[in-house]
2 protein chains.
Amino acid sequence: MNIREIAKKAEVSTATVSRVLNNSENVSSTTREKVLKVLKEYRFEMDPWAKHLASKRNITHVLIMVSRRILGSLDLKSKEFYSIVIKGIQTAANMNRSVTEIVEMETNLDEEKLKNVDGVLLVGGDTTAEHVRFFKKIGIPVVLVDQYIPTVKVDCVVSNGYDGASYAVKYLISQRFKKIVHIHGFLNHFGFKDRYNGYVATMEQNNLLPKSYEYNDEVMEDMKPLIDKMLNVYGVPEAIFASNDPIAMKVIETLSSFHIKVPEDVSVIGFDGIEKGKHFTPPLSTLKVPMHEMGSLALKRLIDIVYNQDIYPVRISLFTEFIKRGSSI
Amino acid sequence: MNIREIAKKAEVSTATVSRVLNNSENVSSTTREKVLKVLKEYRFEMDPWAKHLASKRNITHVLIMVSRRILGSLDLKSKEFYSIVIKGIQTAANMNRSVTEIVEMETNLDEEKLKNVDGVLLVGGDTTAEHVRFFKKIGIPVVLVDQYIPTVKVDCVVSNGYDGASYAVKYLISQRFKKIVHIHGFLNHFGFKDRYNGYVATMEQNNLLPKSYEYNDEVMEDMKPLIDKMLNVYGVPEAIFASNDPIAMKVIETLSSFHIKVPEDVSVIGFDGIEKGKHFTPPLSTLKVPMHEMGSLALKRLIDIVYNQDIYPVRISLFTEFIKRGSSI
DNA sequence: TCCTTTCTTGTAACCGCTTACATAATAGCA
DNA sequence: TGCTATTATGTAAGCGGTTACAAGAAAGGA
């Protein structure tokens with residue numbers, strides 16, 4: 001059942017049916033009723049593909065919001081985590097008639113700007129419930145990228161840190177390691193917490209004692225005190241699983257200043273799979289998250305929400321892939 | 001950049017470009033090269049919306065596979081969990097030019113049948129890694145519905161049982177309950193395990209002792225021995241959170257045979273939000289999972305995989321909604 | 001060499017919907 | 001009542017692909 005058939009049944013033109021479907025102003029109430037009746041009678045459901053194709057002319061305006069901290073480190077030529085995520089967003093935007101604009105999350109948006117924004121992508125772990133509520137209140141659809149807030153029902157795209165971490169730990173255990181330490185960033189960031197949970201659960205499932213240290217990843221300060229403390233209290237671990245690649249590389253650097261060799265003395269595994277790790281010495285073993293895909297999935301989900309009125313929010317989590325390189329046995 | 005422009009640049013017709021894009025046989029290698037070069041030069045990316053609309057004629061054949069156990073209880077007029085999920089699949093199928101066929105999971109599929117199957121939906125907690133591998137091997141895309149297998153990277157759509165359970169427990173705690181018991185189905189079913197984890201974690205976060213009992217939900221046997229044991233060992237709880245609505249209703253029935261009143265003596269909360277619970281006495285408080293949406297999301301994801309070559313598998317989890325009715329305070 | 005078969009390529013209709021533009025109907029007003 | 005301003009509806013051209021069908025080119029066979 002398509003709109004031509006409906007038009008015939010209702011004895012009007014397709015244009016009128018379309019107008020009714022889109023709540024256009026210029027339809028007399030009598031014809032509207034008539035069309036609505038036929039629509040209901042035949043249980044008409046619009047073909048989203050056709051709708052979207054035909055709506056080519058109204059392109060979707062998407063705001064990409066990034067916290068200042070991340071925006072600063074953002075270089076669209078680089079292959080850092082968020083640079084690639086955003087490239088993924090833009091790639092998908094090209095294929096979905098959308099234009100994107102990157103804005104600092106801390107900015108106060110004026111109404112003018114918001115007027116022709118169809119949807120917002122909030123990127124990164126700094127996104128809070130407040131940000132989400134702001135857009136919800138004014139009725140603009142939102143998708144979080146690389147962030148999850150359990151207490152707010154809102155769409156998001158994240159990596160599956162729990163199972164990724166679990167995989168890393170299991171792998172290390174399969175290499176006969178038992179003293180496996182986790183060095184992580186702030187646990188109020190969902191991503192770190194998720195990986196942390198996966199680490200702890202898997203250690204416990206294998207009757208091993210989890211041991212973890214928190215490191216301020218935001219400023220990337222000196223890691224020596226932390227490692228020093230670890231060595232004194234816990235001794236030299238057999239393996240270290242780090243929250244992400246930057247931390248993992250910092251760990252390796254710091255260990256070397258203690259004359260501890262990677263991977264001979266300690267195996268190190270990171271998380272993210274950024275390009276830099278590939279060219280590090282030694283090349284970093286890691287759990288690669290499909291960053292590009294993360295971005296494009298988020299954009300596609302946003303489009304789905306805007307056009308197809310998908311009203312139930314979902315969490316989309318991407319599987320990670322273990323990449324074994326030189327930093328681990 | 002669309003295929004007409006490409007055709008012009010390559011000095012061929014749009015049909016030829018389309019043939020190259022779809023790896024059609026009947027294109028001479030010289031023209032193919034020529035077109036491919038232009039395609040690359042202009043970084044052509046196909047518009048998935050247009051492609052899908054135009055491909056109307058080749059409808060997508062989707063196999064819905066359900067375990068015998070579930071298929072038996074399946075009545076498409078009923079409002080049971082999987083009946084609604086499957087309705088959701090079929091609704092989405094209508095809007096996505098797909099025809100579905102329901103098959104028993106235990107069936108051996110002959111090659112004939114598999115030949116014109118474009119994708120498979122494996123529905124329910126009985127799906128195993130084996131099932132998935134079977135279809136992966138022969139290159140047919142698969143999406144799991146209401147099942148997650150951490151060890152196999154495959155797309156799936158599930159409900160967010162962890163946060164749902166967590167919400168229920170927090171709610172009960174907010175009602176000043178402390179003795180909160182969890183009665184669950186077999187924990188090797190992902191859904192039950194997920195809810196169980198949410199229950200345990202939230203209890204512990206609130207310094208309460210988790211206490212749970214496993215009940216064989218597959219045969220729905222007599223629950224009296226279980227409840228009897230609970231009453232003797234643990235005493236009368238203040239609240240019971242059940243793995244799903246059928247178990248919750250069974251709990252209420254059994255409690256009443258012990259002259260324990262719901263919700264006066266014990267508050268009971270279920271999970272699923274099936275229709276039956278609404279008309280139960282007392283009406284069941286529950287966490288409603290959007291079953292219809294679960295089905296349609298799964299179908300849409302399958303279509304995305306088949307047509308847009310989305311190659312990175314994802315887990316899509318749906319938020320649940322707490323519905324307070326008479327069975328809890 | 002000529003005719004038939006097979007392989008390539010092009011033309012144009014179509015998928016289901018939107019919308020600019022044209023036209024018809026109605027209302028407003030002198 | 002006649003003329004203009006406004007509103008309601010229809011017509012038809014897209015959106016960017018696919019594919020049935022037609023036609024032209026190359027190959028094969030007598």
Side-chain angles (χ1 to χ4, degrees), chain A residues 1-36 38-39 42-60 93-98 118 303 306-309, chain B residues 1-36 38-39 42-60 92-99 118 303 306-309:
Chain A
M1 186 57 59
N2 61 30
I3 118 173
R4 250 176 284 271
E5 299 185 64
I6 296 287
K8 204 169 288 169
K9 306 280 182 193
E11 295 171 307
V12 296
S13 71
T14 61
T16 301
V17 176
S18 178
R19 287 188 190 107
V20 171
L21 286 167
N22 294 289
N23 296 312
S24 166
E25 297 296 298
N26 302 321
V27 184
S28 73
S29 53
T30 60
T31 26
R32 162 163 281 125
E33 292 307 320
K34 190 168 58 176
V35 172
L36 244 26
V38 178
L39 246 24
Y42 291 90
R43 296 214 187 80
F44 174 81
E45 299 207 61
M46 185 142 40
D47 184 325
W49 308 89
K51 182 190 180 70
H52 204 250
L53 177 58
S55 316
K56 161 92 178 165
R57 297 162 214 179
N58 39 1
I59 55 181
T60 316
N94 281 336
M95 296 172 59
N96 286 277
R97 322 164 200 294
S98 317
D118 302 300
I303 297 280
V306 173
Y307 284 85
N308 304 347
Q309 293 134 324
Chain B
M1 186 57 57
N2 61 29
I3 122 171
R4 255 173 275 269
E5 297 184 64
I6 295 287
K8 202 169 289 168
K9 306 279 182 193
E11 295 172 307
V12 296
S13 71
T14 60
T16 302
V17 176
S18 178
R19 288 188 188 105
V20 171
L21 286 168
N22 293 289
N23 297 312
S24 167
E25 297 296 296
N26 303 320
V27 184
S28 73
S29 54
T30 59
T31 26
R32 162 164 279 125
E33 292 307 320
K34 191 168 58 174
V35 173
L36 243 25
V38 178
L39 246 24
Y42 290 90
R43 296 215 185 78
F44 175 80
E45 301 207 60
M46 186 139 43
D47 183 325
W49 309 88
K51 181 188 180 71
H52 204 251
L53 176 58
S55 316
K56 162 91 179 166
R57 295 161 217 181
N58 40 0
I59 54 181
T60 315
N94 281 336
M95 296 172 58
N96 286 277
R97 322 163 200 293
S98 316
V99 296
D118 301 299
I303 296 281
V306 172
Y307 283 86
N308 304 346
Q309 292 133 324

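Every chain is numbered from 1, with letters handed out A, B, ... down the list of sequences.
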Would one find a side-chain N or O of Thr31(B) under 4.0 angstrom from OP1 or OP2 of dT8(C)? no

Every protein N/O lying under 3.5 Å from an N/O of nucleotides 24-28 of chain D:
none

Under 4.0 Å from any atom of DNA chain C, heavy atoms only: list the residues of residues 4-16 of chain A that qualify, in numerical order. Arg4(A), Ala15(A)

Mind grabbing the angle between the end helix axes of the helix from dT1(C)-dA30(D) to dA30(C)-dT1(D)? Five pairs an end, 10° rounding. 40°

Results of salt bridge (charged side-chain N to carboxylate O under 4.0 Å, His left out) for Asp118(A) - residues two or more places apart only: none

Between Met46(B) and Leu39(B), is any pair of side-chain heavy atoms under 4.5 Å apart? no

Indicate, with a heavy-atom threshold strictly under 4.0 Å, whether Asn2(A) touches base, sugar-phosphate, or nothing. sugar-phosphate

Distance-only criterion, 3.5 Å: show the donor-acceptor pairs between side-chain atoms of residues 22-29 of chain A and protein atoms not counting sequence neighbours.
from, atom 1, to, atom 2, distance (Å)
Asn22(A), OD1, Lys51(A), NZ, 3.1
Asn22(A), ND2, Ser18(A), O, 2.8
Asn22(A), ND2, Ser18(A), OG, 3.4
Ser28(A), OG, Thr30(A), OG1, 3.2
Ser28(A), OG, Thr31(A), N, 3.4
Ser28(A), OG, Thr31(A), OG1, 2.5

Please list, in numerical order, the residues of residues 43-52 of chain A that have a heavy atom closer than 4.0 Å to any atom of DNA chain C. Phe44(A), Met46(A), Asp47(A), Ala50(A), Lys51(A)

Reckon Asn26(A) has a side-chain N or O less than 4.0 Å from the OP1 or OP2 of dA8(D)? yes

With respect to the phosphate group of dT18(D), does any side-chain polar atom (N or O) of Ser55(B) fall under 4.0 Å of OP1 or OP2? no

Met95(B) CE to dG16(C) C1', straight-line distance once rounded to whole Å: 12 Å

Calculate the interatomic distance between Ile3(A) atom CD1 and dC14(C) atom P; express it in whole Å. 17 Å

Ignoring hydrogens and angles, write down the donor-acceptor pairs under 3.5 Å from the side chains of residues 1-8 of chain A, residues two or more places apart or on other chains.
from, atom 1, to, atom 2, distance (Å)
Asn2(A), OD1, Arg4(A), N, 3.0
Asn2(A), OD1, Glu5(A), N, 3.0

Just checking Ser28(A): base, sugar-phosphate only, or nothing, at a heavy-atom cut-off of under 4.0 Å? sugar-phosphate

Partner of Val17(B) under side-chain contact (heavy atoms from CB on, under 4.5 Å), chosen from Leu21(B), Val20(B), Thr14(B): Leu21(B)

Would the base of dG16(C) count as contacting Arg97(B) through its side chain, where contact means a donor and an acceptor less than 3.5 Å apart? no

Expressed in angstrom and rounded to an integer, what is the separation of Asn22(A) atom CG from dA8(D) atom P? 17 Å

Could you work out, with side-chain hydrogen bond (donor to acceptor under 3.5 Å, both in side chains) as the rule, every residue matching Asn96(B), not counting sequence neighbours? Trp49(A)

Going by the rule side chain to side chain contact (heavy atoms under 4.5 Å, CB included), which residues pair with Glu11(A) if we only count those two or more places apart in sequence or in a different chain? none

Scanning both residues in full, the closest heavy-atom pair of Arg32(A) with Arg19(A) reads NH2-O, 4.4 Å

Between dC17(C) atom P and Leu53(B) atom CG, what is the distance in whole Å? 9 Å

Residue list, side-chain hydrogen bond (donor to acceptor under 3.5 Å, both in side chains) with Thr60(B), at least two apart or on another chain: Tyr307(B)

